[in-house]
Chemist: 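Once you've had a glance at the structure underneath, I'll fire off some questions.
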There are 4 protein chains.
Amino acid sequence: MNTGSDKKELILDSAIELFNRWGYAKTSVDEIARAAHIAKSTIYYYFPSKENLFIAAIEEKAEEFFNKLTTAIEAAEKFEDKLSCFLSLPITCIFQNMPLLANAMQQIPPDYFTSLLIKRNEYRQRMNNLLAEIMNYGKKQGIINEKINSEHFSEMINDWFIMGDYWNEGDNKNRILKRLERDHVLMVQLLLYGILKRDTAKPRTRKKVNKRKIQ
Amino acid sequence: MNTGSDKKELILDSAIELFNRWGYAKTSVDEIARAAHIAKSTIYYYFPSKENLFIAAIEEKAEEFFNKLTTAIEAAEKFEDKLSCFLSLPITCIFQNMPLLANAMQQIPPDYFTSLLIKRNEYRQRMNNLLAEIMNYGKKQGIINEKINSEHFSEMINDWFIMGDYWNEGDNKNRILKRLERDHVLMVQLLLYGILKRDTAKPRTRKKVNKRKIQ
Amino acid sequence: MNTGSDKKELILDSAIELFNRWGYAKTSVDEIARAAHIAKSTIYYYFPSKENLFIAAIEEKAEEFFNKLTTAIEAAEKFEDKLSCFLSLPITCIFQNMPLLANAMQQIPPDYFTSLLIKRNEYRQRMNNLLAEIMNYGKKQGIINEKINSEHFSEMINDWFIMGDYWNEGDNKNRILKRLERDHVLMVQLLLYGILKRDTAKPRTRKKVNKRKIQ
Amino acid sequence: MNTGSDKKELILDSAIELFNRWGYAKTSVDEIARAAHIAKSTIYYYFPSKENLFIAAIEEKAEEFFNKLTTAIEAAEKFEDKLSCFLSLPITCIFQNMPLLANAMQQIPPDYFTSLLIKRNEYRQRMNNLLAEIMNYGKKQGIINEKINSEHFSEMINDWFIMGDYWNEGDNKNRILKRLERDHVLMVQLLLYGILKRDTAKPRTRKKVNKRKIQ
DNA sequence: TATGAATGAGTCTTCATTCAT
DNA sequence: TATGAATGAAGACTCATTCAT
């Protein structure tokens, strides 16, 4: 990745490492230059701004991540395994690239520059599409409970596990709160199916599920 | 909230709002002073440092949150409702106090000052205790599947939903990766119980569950 | 010195200690208040300003010093002992009250406020007078080499040992440089041959020198 | 001194002048920048900190001083003239670079940063060595009173004239006080009788004394 | 292509002083 | 007499960015 004397690549490598370690605000262009053993102005020769460099760093890691993810999902044959990939890989990857990818995919903090928000939406969309495909696959195989609205499920998984774009939506607090409530009801149901004893579970929760209605 | 001439409260209010909007690094003491319509030095009369003010802001909101949460959980009678509270309130609350509480309870980014890390651990501990109590309640009622290791479940819920202290643990990457894998397997199982059709699900997943062994 | 609950004395004591330890610029009014266990504003009740407090601290110690010095000189009978007192006590005293008295009596740094300069001149004058008296005493006893100009000698001793008011004299650099040259010539002569008359000196002082033993 | 566009030299010149006039604590980096007609940040481009800039200023002047001093001492042939150089040049030089060199060579005030203390020790060592050489020279010529312990004499001259490292020695007050007493006894003896052997002294120095005339 | 030099705007923090009580 | 609260001005230092070469 750092072959040849390509200084641009050198800068990017140092930037990725430092942004990962210290986050955007606490990484200075000086430090990146020092780490890359080049002059600070050279960074500005290749990247118009710190912001831009940050986006470039994210893109590099994100592309790497999506490649891994799609490959793994395609390689898996069973529905459960595909779902398993989808749930585990992001966590592993984000763990290895914290907080770079966290900044890219999550919404904390909500104040970031526009170019980052655009990237975020792009990545979320790609995640949604991947999960939608997996769900379709499960449906085709006839193993998914029809009561589960799979689009809604995809959305929710993204929102809970990779954290949602709640913070994008500006002032429309009520809408978000409603969605949060809807999501958590579904999440509780999912968890209950898992942790409740079969026979006890059914009667108790059916009632509740009916009352609150799965959409 | 801003009654009387209590300037300390005024400062805290402004700080909470601004830290929430812009995060720690991108909120300047100048801005807080301007927002509170007081002199910058007045902030330093009440709080020894920006860091300290940040912690104070977090504490105020965290206390508020824990009060709401414990009250709600105690008020709920059924196990499912208690669990529901535990899962929904943090999200709602964190949504309303992003990134203030996110900073306090989550581990992103990993570069923060010591005093914040201490707070984080305290809050995580309190969350763990609350969930443990709920699980105990469920057990006493005999409605929890004995195959679920409830301690492990608590841990996982905290790690996934409120995000774990992965980043505390220094260099020991392998250990963390193992735990991540363990967690996601459990999570997949929980989800599958929820979304798979009853009859199809059982035979298919039992196998897998047995193979990987629930702890 | 700190009898009763007299807060003014308390402040002065703390101020002396702290100014001594850290110097004027690096001692804050806050610290003095903290050390005296009183409120900062109380200091401003008793002293109009930090500057003023500094001068007051100096005065207290200076008065103490001059009392000691005159008492000791009067108590000494022989010329040599009087001179000895004059040379040793300031050093001892300044050592014990560094840099408080150093600030007061020396000219380092030259930028201090007017009130301090006034005090300096006053103290230098008193030192000069004391030395002049001693020299007169020596002359009356007929043991001082007539070739030594005793006024000039007094001046020089003060300038070299207690450091002079060179820095008072503003721009007139040439004049000062001439005086410095004159002084050092005299100093070298003193070091080489001393101030005592050859014939008088021998019998009188040999005794004493033998008693105290030159190493 | 300020030739060419060398901004580093410009900064150093302004710094030397201002530190000389106002001392370390009362000279602000802003003022130095203003005096040098450059931006404050430019100072930080060349010097990592104010402290560092101060040390650089001292070094420049100290080197200048030691060059002058050694040259002058070597040029002088007679013992008396060498001693004369040693005693006069520091004073003249320090006068012209007060309090810059005073800070570097003396121990007032005692609260300074470590890097300055290191410099102080270095300079004191160099002064001691120079004086030791001069005394050796005098001994070889057989004109120094054997009763004078020349090492002790060197120490004392440095302590009294250039002011000693009393303040380095921590708490050991008694030891220092004893040394002060010892020193002043020697000083009185020197003033009274001088360091030259009686018989050698007379013919050699009378000439010189007559030439320069005691006032 | 690459960089050394330079900077303006801003950062957190300190501190002597004032004032109402 | 004594003080808690409040502040303006200044302090050292940082940093993303520009520009001439």
Side-chain angles (χ1 to χ4, degrees), chain A residues 5-8 10-11 24-33 36-54, chain B residues 5-8 10-11 24-33 36-54, chain C residues 5-8 10-11 24-33 36-54, chain D residues 5-8 10-11 24-33 36-54:
Chain A
S5 66
D6 197 15
K7 298 220 172 177
K8 188 170 184 177
L10 247 168
I11 293 167
Y24 179 80
K26 300 233 176 180
T27 300
S28 76
V29 178
D30 269 273
E31 281 168 329
I32 296 169
H37 299 293
I38 48 126
K40 184 163 47 162
S41 334
T42 308
I43 292 179
Y44 283 89
Y45 178 73
Y46 288 107
F47 301 93
S49 69
K50 185 190 178 187
E51 196 178 308
N52 194 288
L53 171 59
F54 184 64
Chain B
S5 67
D6 200 12
K7 297 226 174 173
K8 189 170 183 177
L10 242 169
I11 293 167
Y24 180 79
K26 300 235 176 181
T27 301
S28 77
V29 179
D30 271 272
E31 281 169 330
I32 297 170
H37 299 292
I38 49 134
K40 186 167 35 164
S41 358
T42 307
I43 292 179
Y44 283 90
Y45 178 72
Y46 289 105
F47 301 92
S49 68
K50 184 190 178 188
E51 197 178 307
N52 193 289
L53 172 58
F54 185 63
Chain C
S5 66
D6 197 14
K7 298 221 172 179
K8 188 170 183 178
L10 246 168
I11 293 167
Y24 179 79
K26 300 232 178 182
T27 300
S28 75
V29 178
D30 269 273
E31 282 168 328
I32 296 170
H37 299 292
I38 49 127
K40 184 163 45 161
S41 334
T42 308
I43 292 179
Y44 283 88
Y45 179 73
Y46 288 105
F47 301 93
S49 69
K50 185 191 177 188
E51 197 178 306
N52 194 289
L53 172 57
F54 184 64
Chain D
S5 67
D6 201 12
K7 297 224 172 174
K8 189 170 182 177
L10 243 168
I11 293 167
Y24 180 80
K26 298 236 177 180
T27 300
S28 77
V29 178
D30 271 271
E31 280 168 329
I32 296 170
H37 298 293
I38 49 136
K40 185 169 35 167
S41 355
T42 306
I43 292 179
Y44 283 91
Y45 178 72
Y46 287 105
F47 301 93
S49 68
K50 184 190 177 187
E51 197 178 306
N52 193 288
L53 171 58
F54 185 63

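Fair warning: this is a prediction, and the values are worked out from it, not measured in the lab. Note on naming: letters A, B, ... go to the chains in the order of the sequence lines (proteins, then strands), and numbering restarts at 1 for each one.
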Chemist: To the nearest Å, give me how far apart CD1 (A:Ile11) and C1' (E:dA2) are.
Modeler: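 Answer to the nearest Å: 10 Å.
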Chemist: Does B:Lys8 make a cation-pi contact with B:Tyr45, if we ask for NZ or CZ under 6.0 Å from the ring centre and within 45° of the axis?
Modeler: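 No; the conditions do not both hold, so B:Lys8 does not lie above the ring face of B:Tyr45.
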Chemist: When the distance from NZ of C:Lys26 to C1' of E:dC15 is rounded to whole Å, what number comes out?
Modeler: 14 Å
Chemist: Report yes if a side-chain nitrogen or oxygen of D:Tyr45 is closer than 4.0 Å to either non-bridging phosphate oxygen (OP1 or OP2) of E:dA5; otherwise report no.
Modeler: yes
Chemist: What is the distance, rounded to the nearest whole Å, between atom CD1 of D:Ile32 and atom C1' of F:dG11?
Modeler: 12 Å
Chemist: Without decimals, in angstroms, what is the distance between C:Leu53 CG and E:dT17 P?
Modeler: 10 Å
Chemist: Considering non-hydrogen atoms only, spot the tightest contact between A:Ala39 and A:Ala33 and give its length.
Modeler: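 Reported closest heavy-atom pair: C-CB, 4.2 Å.
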Chemist: Taking salt bridge (charged side-chain N to carboxylate O under 4.0 Å, His left out) as the definition, give me every residue that meets it alongside A:Lys50, ordered by chain and number, with sequence neighbours left out.
Modeler: none
Chemist: Send over the distance from A:Asp30 CG to E:dT3 P, rounded to a whole Å.
Modeler: 14 Å
Chemist: Side-chain contact test, heavy atoms from C-beta onward, threshold under 4.5 Å: evaluate it for D:Thr27 versus D:Phe54 and give yes or no.
Modeler: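 Contact flag for D:Thr27/D:Phe54 side chains = no.
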Chemist: Stem ranges for DNA chain E, with three or more consecutive Watson-Crick or G-U pairs under 3.5 Å?
Modeler: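 So the stems come out as E:2-21 with F:2-21.
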Chemist: Which heavy atom of A:Ile11 sits nearest a heavy atom of A:Ala36, and at what distance?
Modeler: CA-CB, 4.3 Å
Chemist: Nearest-Å distance, CZ (A:Phe47) to C1' (F:dA16)?
Modeler: 16 Å
Chemist: Looking at CD1 of C:Ile38 and CD1 of C:Ile32, how far apart are the two atoms once the value is rounded to the nearest 0.5 Å?
Modeler: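 It comes to 9.0 Å.
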Chemist: Can you name the atoms? Protein N/O to nucleotides 19-21 of chain E N/O, anything below 3.5 Å, with the distance.
Modeler:
none

Chemist: So, under a plain 3.5 Å distance rule, would you say the side chain of B:Lys40 forms a donor-acceptor pair with the base of E:dT13?
Modeler: yes
Chemist: Judged by each residue's nearest nucleotide on DNA chain E, which is more toward the 5′ side, B:Thr27 or D:Tyr46?
Modeler: D:Tyr46
Chemist: When the nearest nucleotide of DNA chain E is assigned to B:Val29 and to A:His37 on a heavy-atom basis, which residue is associated with the more 5' position?
Modeler: A:His37
Chemist: Separation of C:Ile43 atom CD1 from F:dG4 atom P, in whole Å?
Modeler: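 Answer to the nearest Å: 12 Å.
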Chemist: For the residue pair B:Tyr24 and A:Lys26, what are the closest heavy atoms and their distance?
Modeler: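 That closest heavy-atom pairing would be CE2-NZ, 4.3 Å.
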Chemist: Can a side chain N or O of B:Lys7 be found less than 4.0 Å away from OP1 or OP2 on F:dT7?
Modeler: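 The answer is yes; a side-chain N or O of B:Lys7 sits under 4.0 Å from OP1 or OP2.
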Chemist: Between atom CD in D:Glu31 and atom P in F:dA9, what is the gap in whole Å?
Modeler: 17 Å
Chemist: How far does CG of D:Asn52 sit from CD1 of D:Ile43, to the nearest 0.5 angstrom?
Modeler: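 Spacing of CG (D:Asn52) from CD1 (D:Ile43) equals 12.0 Å.
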Chemist: Would you kindly compare D:Pro48 and C:Ile38 by the position of their nearest DNA chain F nucleotide and give the one closer to the 5′ end?
Modeler: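 The residue closer to the strand's 5' end, by nearest nucleotide, is C:Ile38.
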Chemist: Nearest 0.5 angstrom please: B:Leu10 CG to B:Tyr46 OH, how far?
Modeler: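 Spacing of CG (B:Leu10) from OH (B:Tyr46) equals 10.0 Å.
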Chemist: Working to the nearest 0.5 angstrom, can you tell me the gap between B:Glu31 CD and B:Lys40 NZ?
Modeler: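 Spacing of CD (B:Glu31) from NZ (B:Lys40) equals 11.0 Å.
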Chemist: Remember a base hit wins even if backbone is also touched, and classify B:Thr42 as base, sugar-phosphate or nothing at under 4.0 Å, heavy atoms.
Modeler: base
